[in-house]
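Comments concern the structure below.
Order of the sequence lines fixes the chain letters, A, B, ..., with proteins taken first and strands second; residue numbering starts at 1 for each chain.
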Amino acid sequence: MPAENAAIANKTHPAAWTYDNIDSMRRELKRLGFSYDWDREIATCKPEYYKWEQWLFLKMYEKGMAYRKEALVNWCDSCQTVLANEQVEADLCWRCGEPVRQKKLWQWFFRITDFAEDLLVYCDKLAGWPEKVIAMQKNWIGKSLGTFIKFPIENMDEHIPVFTTRPDTVFGATFMCLAPEHPLVKKLSTGTSHEENIDNFIERISRQDRSSRALDNYEKEGVFTGAFCINPLSGKKMPVYTANFALMEYGTGAVMSVPAHDQRDFEFAKKYDLDIIVVVKPPDEDLDVSSMTEAFTGEGVMVNSGDFDGANSKKAIDDISSFIEEKDLGKRTVNFRLRDWGISRQRYWGAPIPMVHCNECGIVPVKENDLPVILPEDVDLLEGGKSPLSELDYYARVKCPKCGSPDARRETDTMDTFVESSWYFERYCSPDCSDRIFDKDAVDYWMPVDQYIGGVEHAILHLLYSRYYTRVLNALGLVQYREPFTRLLTQGMVCKETFTCPEHGFIFPEEVNDKGAQPVCEKCDNNIIVGRVEKMSKSKKNVIDPNTLLEIYGADTTRLFCLFAAPPERDLEWSEQGVEGGYRFLKRVWRISFITVDLIMDAVPFNGGVDEIEGEFLDLYRKTHYTIKKVTNDIQDRFHFNTAISAVMELVNRIYAIDNLSDKLKKNIINAGVMKFTLESAALMLSPIVPHFAEELWESLGHEESILLSPWPSYREEVLVQDDILLVVQVNGKLRSRFNISRNTGEAAIKETALSDERVQKFIGGKPVKKVIIVKNKLVNIVV
RNA sequence: GCCUGGGUGGCGGAAUAGGUAGACGCAAGGGACUUAAAAUCCCUCGGUCAUUAUGGCUGUGCGAGUUCAAUUCUCGCCCCAGGCACCA
């Protein structure tokens, strides 16, 4: 659907649009020097891929994991299609931002709710995932423990089932609210004097769009149906209302209203003058209904609740639930917010759903041998995104796979784009496998993904769907694991300040003339307003074209800046000057190497004992080993490339700090060896970050083989061990002095040296020393 | 309202296991080189009070606490970002 919308906007065919994009993306990624294994490249819009998606759909259909039902679904008028709940953000379409309305349609669904509990339980086992994403998923699944209770309807052999998380307040339920769409609403009001009122209300509410229904200040209103139900615990007669705040899609679509203990119910009761009964009171005070201004939702002591009076309300939840179960009035249940995944899209550009509608046989799956059902590509798109498929006779008209009737029709809805992305990583393991969905051995070898990377915007879209799909594959015996991604890193977005011109609105950075004191618009010379730093977006024009950047600085500087500016999970604030700084660093490395390369060409990278080296070069040698240790750790374990880069910067600064470097290298072959070791290590450490640069540097140092074939540098712990240690002295926790001391000096000697220090003495000022804390090889704290 | 993060110089950010706060870079200021400019190299750079010193005081959103020692741990509060939200 995203590709199709873009293709329509650009007056081209989605296929052409998609393949063009893949081509330019591949080019850009290669140009930036990404080391992807291009032999495994797949395109999910090709029949070789979606054939297996359709195959999987058939398997899911067989097992009842995929089904069709008529339901109220999210419909986007602008995109002309249904959206899954996950694809509606604040009641707007995730793709085009237009409002979404509810529409009743027959649709295909995946039974993701069957795995709700499992998806939730495993959230806590995803140790390598950011907490933020876990929290969002848990929230989305929305498990709540409660009780399901039947409220008998007066003078009728029927009851209203409700779901509540607060069974302790049942005695305080004084009225009932049904969702306007609830089937009982019509049933109770039909033929009564309330019918017209109710019908008008339902009609009015259904016309209101969801976004206004979700507003904070949206007024709670309802209409009496004329019927009463009986509170099964208190025996009280409760009027049955239909109310706009009751949601058909949550729980049972009916709310047992307890105005004393639920704010929403409280407001409703006040408005319609309904009874309020307090059944839980705070431990240290009494509640008076007439003076209450809001509901009491806290924990407390039970009152007005028959045998349960005096108990703690939290305990009463359990006791009342048990009582209800014993009397067969209801039972404990678990309710989830998560609903089944609607995957039908009334759009053209997607994998066809391999199903046939036959007048005789009903819904019939396409035979496995007849897969793939190929999406015809020689079609013209219709205005406004409406799918041409249902009007393509040669596609839509089909023989029934079961009875052979020639009048059957193909399912012309296509699958949600997120179905494609829910299993591509398995396909990567054996991209050319043609007789099966994937090669089992290859999947066993590679999967699950050790480290997955993606944006947070997929926290509950792609990442939840993929976790679900993995469970489906697992249930079908196709894979042995349940979780697709062991570790997850959600990278930040690239952000930049916006520029607004009073005349031209948002303008591109290259349209800003910043030569004067005040930046002005190139086109009209008006002063420019510099807006806040926001995610780069075409609409706000705060973008940098990567190609321009590659032209000016090349791939390495671009990579270096991106990795240096912030740790990867954080948003990156784009800075032209920062890029310039990265460029400067590379030139600095190149220059020092260029100056010294002839002097060290014949030297062997030093690898001997530290006692052979002297002075600054010993220091440099140690620093190199230390840097290797830090960089290795930063890159491998922490993914903190920014600190890895800064460590190499420090190392390079250390070289620059040596006076008369050339002379010292000329005079002493050991010094030259140290220098060579340092430069080679620097090249190797920089190679993942600036691969092209590192390769050049490597060659200039006399290597004929690619740097990629050289092993990662290793450090020796014994080189790091220094005999002379800098010891910091604190008096009462404040830094007062420091001195060098031999590594293994005994505590007594350290104490003596510290106490005899002139500056330390000054701050002790003759006061008695209470305590001396010595942290080995680090500091001394003297408490006076 | 609820759930997650997060508040450190002019700015991006360091401080990995409670132990020298501000690494590294950007910007700024000063100097060297140059006829000049660019490029490059060197120095300064949290605040404040001092200018004999390896200086004093203060400082990681605010307020308390634990500790010899807190950016780091605990409690309360404020602010920012993201997510969820008539969810019964």
Whole-Å [atom1] distance, [N] and [M]:
{"N": "B:rU40", "M": "B:rU8", "atom1": "P", "answer": "31 Å"}
{"N": "B:rA14", "M": "B:rC3", "atom1": "C1'", "answer": "30 Å"}
{"N": "B:rG19", "M": "B:rU74", "atom1": "P", "answer": "15 Å"}
{"N": "B:rA21", "M": "B:rU58", "atom1": "C1'", "answer": "13 Å"}
{"N": "B:rC2", "M": "B:rG76", "atom1": "P", "answer": "13 Å"}
{"N": "B:rC62", "M": "B:rU71", "atom1": "P", "answer": "11 Å"}
{"N": "B:rA88", "M": "B:rG13", "atom1": "C1'", "answer": "46 Å"}
{"N": "B:rC43", "M": "B:rA23", "atom1": "P", "answer": "14 Å"}

Need the pair for [N]. Rule: Watson-Crick or G-U wobble, both distances under 3.5 Å, any strand; none if unpaired.
{"N": "B:rC62", "answer": "B:rG76"}
{"N": "B:rC2", "answer": "B:rG83"}
{"N": "B:rA21", "answer": "none"}
{"N": "B:rU16", "answer": "none"}
{"N": "B:rA53", "answer": "none"}
{"N": "B:rU40", "answer": "B:rA32"}
{"N": "B:rA70", "answer": "none"}

Mind calculating the distance between [atom1] ([X]) and [atom2] ([N]) to the nearest angstrom?
{"X": "A:Ile592", "N": "B:rC42", "atom1": "CD1", "atom2": "C1'", "answer": "14 Å"}
{"X": "A:Glu89", "N": "B:rG82", "atom1": "CD", "atom2": "P", "answer": "13 Å"}
{"X": "A:Asn642", "N": "B:rG13", "atom1": "CG", "atom2": "P", "answer": "9 Å"}
{"X": "A:Phe594", "N": "B:rA39", "atom1": "CZ", "atom2": "C1'", "answer": "15 Å"}
{"X": "A:Glu267", "N": "B:rG1", "atom1": "CD", "atom2": "P", "answer": "14 Å"}
{"X": "A:Glu580", "N": "B:rC26", "atom1": "CD", "atom2": "P", "answer": "10 Å"}
{"X": "A:Arg166", "N": "B:rC87", "atom1": "CZ", "atom2": "P", "answer": "13 Å"}
{"X": "A:Phe564", "N": "B:rA14", "atom1": "CZ", "atom2": "P", "answer": "10 Å"}

How about [X] and [Y]: does a side-chain donor come under 3.5 Å of a side-chain acceptor?
{"X": "A:Ser144", "Y": "A:Tyr250", "answer": "yes"}
{"X": "A:Thr498", "Y": "A:Asn542", "answer": "no"}
{"X": "A:Thr164", "Y": "A:Thr147", "answer": "no"}
{"X": "A:Gln137", "Y": "A:Arg467", "answer": "yes"}
{"X": "A:Gln102", "Y": "A:Asn74", "answer": "yes"}

State which of [options] makes the closest approach to the side chain of [X].
{"X": "A:Arg570", "options": "B:rA88, B:rA14, B:rG19", "value": "B:rA14"}
{"X": "A:Leu735", "options": "B:rU40, B:rG19, B:rU20", "value": "B:rU20"}
{"X": "A:Asn653", "options": "B:rU4, B:rG25, B:rU16", "value": "B:rG25"}

For a quick check of understanding: with a heavy-atom distance under 4.0 Å over all strands, which category does [X] fall into, base, sugar-phosphate or nothing?
{"X": "A:Gly581", "answer": "sugar-phosphate"}
{"X": "A:Arg759", "answer": "base"}
{"X": "A:Thr165", "answer": "sugar-phosphate"}
{"X": "A:Gln730", "answer": "base"}
{"X": "A:Pro567", "answer": "sugar-phosphate"}
{"X": "A:Lys770", "answer": "nothing"}
{"X": "A:Val783", "answer": "sugar-phosphate"}
{"X": "A:Arg738", "answer": "base"}
{"X": "A:Phe763", "answer": "sugar-phosphate"}

Side-chain N or O of [X] less than 4.0 angstrom from OP1 or OP2 on [N]?
{"X": "A:Arg588", "N": "B:rC41", "answer": "yes"}
{"X": "A:Lys587", "N": "B:rU40", "answer": "yes"}
{"X": "A:Lys778", "N": "B:rG19", "answer": "no"}
{"X": "A:Arg337", "N": "B:rC84", "answer": "no"}
{"X": "A:Arg638", "N": "B:rA14", "answer": "no"}
{"X": "A:Lys143", "N": "B:rC87", "answer": "no"}
{"X": "A:Arg584", "N": "B:rA27", "answer": "yes"}
{"X": "A:Arg264", "N": "B:rC87", "answer": "yes"}
{"X": "A:Arg736", "N": "B:rU20", "answer": "no"}

Any salt bridge between A:Glu616 and A:Arg654, counting N to O under 4.0 Å? no
Could you check B:rA17 for me: syn (within 90° of 0) or anti? syn
Relative to its sugar, using the 90° cut-off around 0, the base of B:rG5 is anti
For the backbone of A:Asp318 and the side chain of A:Arg332, can you confirm whether one donor and one acceptor N or O come within less than 3.5 Å of each other? yes
Hey, is the main chain of A:Leu184 close enough, under 3.5 Å, to the side chain of A:His182 for a donor-acceptor pair? yes
Examine the base of B:rC84 for any acceptor or donor lying under 3.5 Å from a partner atom in the side chain of A:Asn139, and report the outcome as yes or no. no
Would you state whether a donor and an acceptor, one from the side chain of A:Asp637 and one from the base of B:rU16, lie under 3.5 Å apart? no
Of A:Val170, A:Thr174, A:Asn231, the one forming a side chain to side chain contact (heavy atoms under 4.5 Å, CB included) with A:Met256 is A:Val170
Taking the inter-plane angle between the rings of A:Phe639 and A:Phe641 on a 0 to 90° scale, is it parallel (under 30°), tilted (30 to 60°) or perpendicular (over 60°)? parallel
